[in-house]
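See below for the structure under consideration.
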2 protein chains.
Amino acid sequence: MNVQLIDKREGIFSATLTLIHENGFHGTAMSMIAKKSNVSIGTIYHYFPSKDNLIQEIYYHCKNELYNYIFETIDKNDSYKSHFFIIFQRFTDFYLKNVDMFSFMEQFYSSPYNDHSYDEKSKYLCHDNKIYDFLMEGIHSGQLKDKNVHILSSACIGGLVSFAKKVLYGKVEYKEQYLTEIIDIIWTGVKK
Amino acid sequence: MNVQLIDKREGIFSATLTLIHENGFHGTAMSMIAKKSNVSIGTIYHYFPSKDNLIQEIYYHCKNELYNYIFETIDKNDSYKSHFFIIFQRFTDFYLKNVDMFSFMEQFYSSPYNDHSYDEKSKYLCHDNKIYDFLMEGIHSGQLKDKNVHILSSACIGGLVSFAKKVLYGKVEYKEQYLTEIIDIIWTGVKK
DNA sequence: ATCTATCAATTGAACGTTCATTCTAGTAGC
DNA sequence: GCTACTAGAATGAACGTTCAATTGATAGAT
């Protein structure tokens with residue numbers, strides 16, 4: 001894959017994300033994507049066999065970006081607790097800084113596009129798994145409550161996603177203090 | 001509004017909810033709704049001026065159902081903590097027992113249908129407000145941490161919605177024990 | 001260096017389908 | 001006979017997708 005090709009793909013991704021954030025999946029026509037990314041409709045179909053496929057690919061793209069952002073350069077010497085704070089701070093940060101992606105992923109996740117059996121590929125890219133691993137580590141080292149990891153994960157991720165939504169929809173103004181506070185609440189809940 | 005009319009409306013609501021759960025907003029054509037609810041397309045347009053309006057009305061309908069279910073017959077003598085457990089247990093229960101509504105509301109909430117300025121009507125029906133009141137009560141009586149109510153609300157509702165989704169999508173099997181555990185985690189986090 | 005062959009990349013008009021909505025006609029209850 | 005309700009074919013706009021035609025780039029042959 002040459003640079004040109006990557007650029008086109010990224011350009012289409014970026015335009016699509018913006019449009020879907022504004023108009024939703026079905027308010028976003030292929031013609032709109034073409035116009036916004038300065039390519040023709042034909043070009044989009046050169047890179048992606050269908051709109052559905054484009055959307056799937058964007059989903060994987062977003063997941064990857066998130067995952068890379070969260071787990072980049074974690075200092076192995078820090079305590080588990082401080083890792084916990086850093087990771088979930090980044091998690092929320094990412095969503096708030098990449099509103100298009102957040103909006104897209106939320107729409108995707110609760111839409112029929114998200115075929116829950118279709119997860120072969122995402123199994124290995126899926127940020128959830130890395131986060132699960134991190135939570136498992138906490139359980140095994142006795143830092144977190146010994147509960148089903150999905151329970152812990154819900155308490156962590158759910159709370160932060162909900163917080164990010166509220167910021168996004170203007171129900172709360174963003175303050176770093178708030179973010180620290182909610183992670184603190186979650187930590188208090190899940191720690192042993 | 002006579003009984004007939006209410007029945008028709010409810011029938012259309014119910015059919016639409018099922019279809020949207022299966023096919024999403026845009027996979028659900030008016031003709032499909034007509035067929036499933038055993039009325040003609042014309043009849044739907046007699047009751048609802050447009051598909052958008054139908055969807056808005058269903059949203060209000062769902063919110064009301066949820067709100068009625070959660071706050072029905074709360075024994076004022078119980079402690080705040082046990083109210084907390086009952087309310088959030090019912091909250092999750094409702095979603096798991098009314099999968100169609102849950103799926104619909106999640107899709108709606110993160111879609112452009114949900115115009116966040118259009119909340120005049122929902123302000124007074126919105127379950128969030130009742131839940132906020134309940135959380136505020138906890139803050140003022142010294143049972144909950146004295147934090148911004150949106151922070152507390154995110155920690156509570158977010159965690160449970162995420163849990164409900166996991167059950168729905170088959171990532172965790174439902175156990176009453178799990179529900180108790182996650183509410184316990186949340187309670188530990190938000191209590192003073 | 002020039003020519004040629006090959007294939008990837010790009011274009012956008014045209015196509016066929018789908019779908020929300022409209023419209024006209026008919027029915028049931030009062 | 002009047003009003004509220006029901007019916008579903010017809011309409012027309014919008015959309016995803018296709019395709020024939022064109023350009024650009026690369027590599028081998030002369």
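Within every chain, numbering begins at 1; the chains are lettered A, B, ... in the order of the sequence lines, protein sequences first and strands thereafter.
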Interatomic distance, Phe25(B) CZ vs dT18(C) P [rounded to whole Å]: 22 Å
Side chain of Ser50(B) - closest among dT21(C), dT6(D), dG16(D): dT21(C)
Phosphate contact (dC19(C) OP1 or OP2) by Ser31(B) side-chain N/O below 4.0 Å: no
Closest to side chain of Thr43(A), choosing from dT10(C), dT21(C), dC15(D): dT10(C)
Rounded distance in Å - CE (Met32(A)) to C1' (dG16(D)): 14 Å
Nucleotide dA7(D), atom P - distance to CD1 of Ile33(B) in whole Å: 15 Å
Atom-pair distance (CD1 on Ile44(B); P on dC5(D)), nearest Å: 15 Å
Closest nucleotide among dT22(C), dT17(D), dA7(D) to the Met30(A) side chain: dT17(D)
dC5(D) phosphate, OP1 or OP2, under 4.0 Å from His46(B) side-chain N/O: yes
His26(B) NE2 - dA14(D) P separation (whole Å): 16 Å
Phosphate OP1/OP2 of dG8(D): any Ser40(B) side-chain N/O under 4.0 Å: no
Ring centers of His21(B), Phe102(B) separated by less than 6.0 Å: no
Lys35(B) side chain near dG8(D) phosphate (N/O to OP1/OP2, under 4.0 Å): no
Interatomic distance where CG belongs to Asn23(A) and P belongs to dG16(D) [whole Å]: 12 Å
Donor-acceptor pair, side chain of Ser103(A) and main chain of Val99(A), under 3.5 angstrom: no
Distance in angstrom units between Tyr45(A) OH and dG16(D) P, rounded: 6 Å
From Ser154(A) atom OG to Glu181(B) atom CD, the distance as rounded to the nearest 0.5 Å: 12.0 Å
Phosphate OP1/OP2 of dT6(D) contacted by Tyr47(B) side-chain N/O (<4.0 Å): yes
Whole-Å gap separating P (dA20(C)) and CG (Asn53(B)): 14 Å
Residue Ala29(A), side-chain heavy atoms: nucleotide from dA7(D), dC15(D), dT11(C) that is nearest: dC15(D)
Candidate pair Arg90(B) and Glu72(B), rule salt bridge (Lys or Arg N to Asp or Glu O under 4.0 Å), full reasoning: CA-CA 10 Å; Arg90(B) 284 187 188 166; Glu72(B) 203 187 16; 5.8 Å; no
Lys171(A) side, atom NZ; Ser153(B) side, atom OG - distance, nearest 0.5 Å: 8.5 Å
Which nucleotide in dT17(D), dA20(C), dC15(D) has an atom nearest any side-chain atom of Ile41(A): dT17(D)
